[in-house]
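Proteins get letters first, then strands, A, B, ... in listed order; numbering begins at 1 in each. We use all heavy atoms of the structure for the numbers below, so side chains are in, but hydrogens, waters and symmetry mates are not.
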There are 2 protein chains.
Amino acid sequence: MNAASADQPALRRSKTDVVDAAMSVLAENGIAGLSMRRIADVLDVQVSALYWHFPNKQALLAAVSGRIATGTDASHLADSATALRESLLAHRDGAEVVSSSLALGLLELSARTQMVEAALAAGLSDAAAEVAADTLVHYVIGFTFHEQQRLHAAVVGAADPSVDLSPARIAVTGGDFEAGLAMVVSGIRSSAAAAR
Amino acid sequence: MNAASADQPALRRSKTDVVDAAMSVLAENGIAGLSMRRIADVLDVQVSALYWHFPNKQALLAAVSGRIATGTDASHLADSATALRESLLAHRDGAEVVSSSLALGLLELSARTQMVEAALAAGLSDAAAEVAADTLVHYVIGFTFHEQQRLHAAVVGAADPSVDLSPARIAVTGGDFEAGLAMVVSGIRSSAAAAR
DNA sequence: ACCTGAACACCGTTCAAGT
DNA sequence: ACCTGAACACCGTTCAAGT
């Protein structure tokens, strides 16, 4: 017989376990299916148990956001932006999840910190570097959010049929991101040149 | 006695009436409180009646989005962006409502069309003009979305206390938008110069 | 310290039936 | 053509109570 017998009190879950479960629900069901009940099911626990670990759903979502937007090290503006975009793309609805936590002030983006440093190194003033970082973050999240919602709409078939979902158009998206990014970065650089 | 006596069959509602009701619920309760039941209450109608006018909530939201992002005429990139931003700011949670309809391909932005034209006039190629317009739209919506969620968080008190909500910081936001906008526009212009 | 069980006050959507 | 009434399958959150 096993040391853990069948009538043992149920094993304790950590905050980490709860976030793990949330990540797997997100991967399988997307943000629309990321409910407290489904997370509880994965953990084989009552919904109310989750509220011992997190005060509410938004706090749990903030922890999930932290898992999605992992720290990266990049010293150039474009590299930080690309790294942020890749971390968002690596998880279903990543941009939307991160966007909500960010807007509520529940998440600090390491990519943003890197962008501020890169902007300072490029010669921007403190205030301009903050603005530049926010501008880049907004661009990356906005673009990726839009892209991920369209991908999901394509799968579900909920989108307007006039939306162009042809493979050629989808494939081109990566290039569009980089083209727009180049414009934003060049604008940031020229604002440094203007201040010099 | 009035021509419309009390036992008359209830008066018919138009699609316009439904959207009107949705607009007033949005103004009073925000997007989180914009439920089909509340809209039905305003119209003094059963929830199911709304489904005769709109196939689902997203379609109704798209109509609401059309009301928010009203057509404007501007011939410069920065003017179109500012006009779009102002239309979003004029309605509670305007950026979030428009963002979701846009991502699902259920809304055409006249501001975006104007931006494409302005970019072409500035000398961009067709493809670059599309990218430029999308970049600007992402910037405007991302910035305004973030700003409106923070304003709401400030009212509700749901935000992290470390978030700086001092009047000075809030007042400075308008300037930050324009500073970031100037960077993006300058980047777009320089991409035209590079292609020349 | 961590969880159960049950309840509260909601959701969006469907559908037969009425006028 | 437009709406009612009722139901279905969900939500997030709270709270007394258990171990």
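Atom CZ of Arg37(A) and atom P of dT14(D) are 13 Å apart (whole Å). One interatomic measurement links the two molecules: CE of Met36(B) to P of dC10(C), which rounds to 18 Å at whole-angstrom precision. One can place CD1 of Ile39(A) at 10 Å from P of dC11(D), the figure rounded to the nearest angstrom.
Hydrophobic clustering (ILVMFWY, side-chain heavy atoms < 4.5 Å, transitive): Val116(B) and Val98(B) are in distinct clusters. The cluster map of Ile, Leu, Val, Met, Phe, Trp and Tyr, joined by side-chain heavy atoms under 4.5 Å apart, puts Val137(B) and Leu181(B) in the same cluster. Both Ile31(B) and Phe143(B) are assigned to one and the same hydrophobic cluster, defined by single-linkage of ILVMFWY side chains at heavy-atom distances under 4.5 Å.
Contact annotation: the side chain of Glu96(A) approaches that of Gln149(A) to within less than 4.5 Å [non-hydrogen atoms, C-beta and beyond]. By the 4.5 Å heavy-atom criterion applied to side chains, Ser87(A) and Leu84(A) are counted as neighbours.
Interface residues of residues 42-61 of chain A facing DNA chain D, ordered by number: Val47(A), Ser48(A), Tyr51(A), Asn56(A), Lys57(A); criterion, heavy-atom separation under 4.0 Å. Only at 4.0 angstrom or more do the heavy atoms of residues 19-33 of chain A sit from any atom of DNA chain D, so none qualifies.
For the atom pair CG (Leu60(A)) and OG (Ser65(A)), the distance works out to 10.0 Å, reported to the nearest 0.5 Å.
dC2(D) and dA17(C) are spaced 22 Å apart, taking the P atom of each and rounding to whole Å. Atom P of dA9(C) sits at a distance of 22 Å from the matching atom of dC10(D), rounded to the whole Å.
For Glu130(A), the salt bridge (Lys or Arg N to Asp or Glu O under 4.0 Å) partners are Arg112(A), not counting sequence neighbours. For Phe145(A), the ring pair (Phe, Tyr, Trp, His ring centres under 6.0 Å) test picks out no residue, with sequence neighbours left out.
Formation of a donor-acceptor pair under 3.5 Å by the Asn56(B) side chain with backbone atoms of Ala59(B) is found in this model.
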Bracket string, DNA chain D, 5' to 3' - pairs by Watson-Crick or G-U geometry under 3.5 Å, | interstrand: ||.|||||...|||||.||

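If you check dA1(C), dG12(C), dG12(D) against the side chain of Arg12(A), the one that comes closest is dA1(C).
Between Arg12(B) and Asp17(B) there is no salt bridge, since no side-chain N of the basic residue sits under 4.0 Å from a carboxylate O of the acidic one.
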Can I get a per-line list of side-chain donor-acceptor pairs under 3.5 Å for residues 35-53 of chain A, giving both atom names and the distance, sequence neighbours left out?
from     : atom 1 : to       : atom 2 : distance (Å)
Ser35(A) : OG     : Arg38(A) : N      : 3.1
Arg38(A) : NE     : Gly33(A) : O      : 3.0
His53(A) : NE2    : Arg13(A) : O      : 3.4

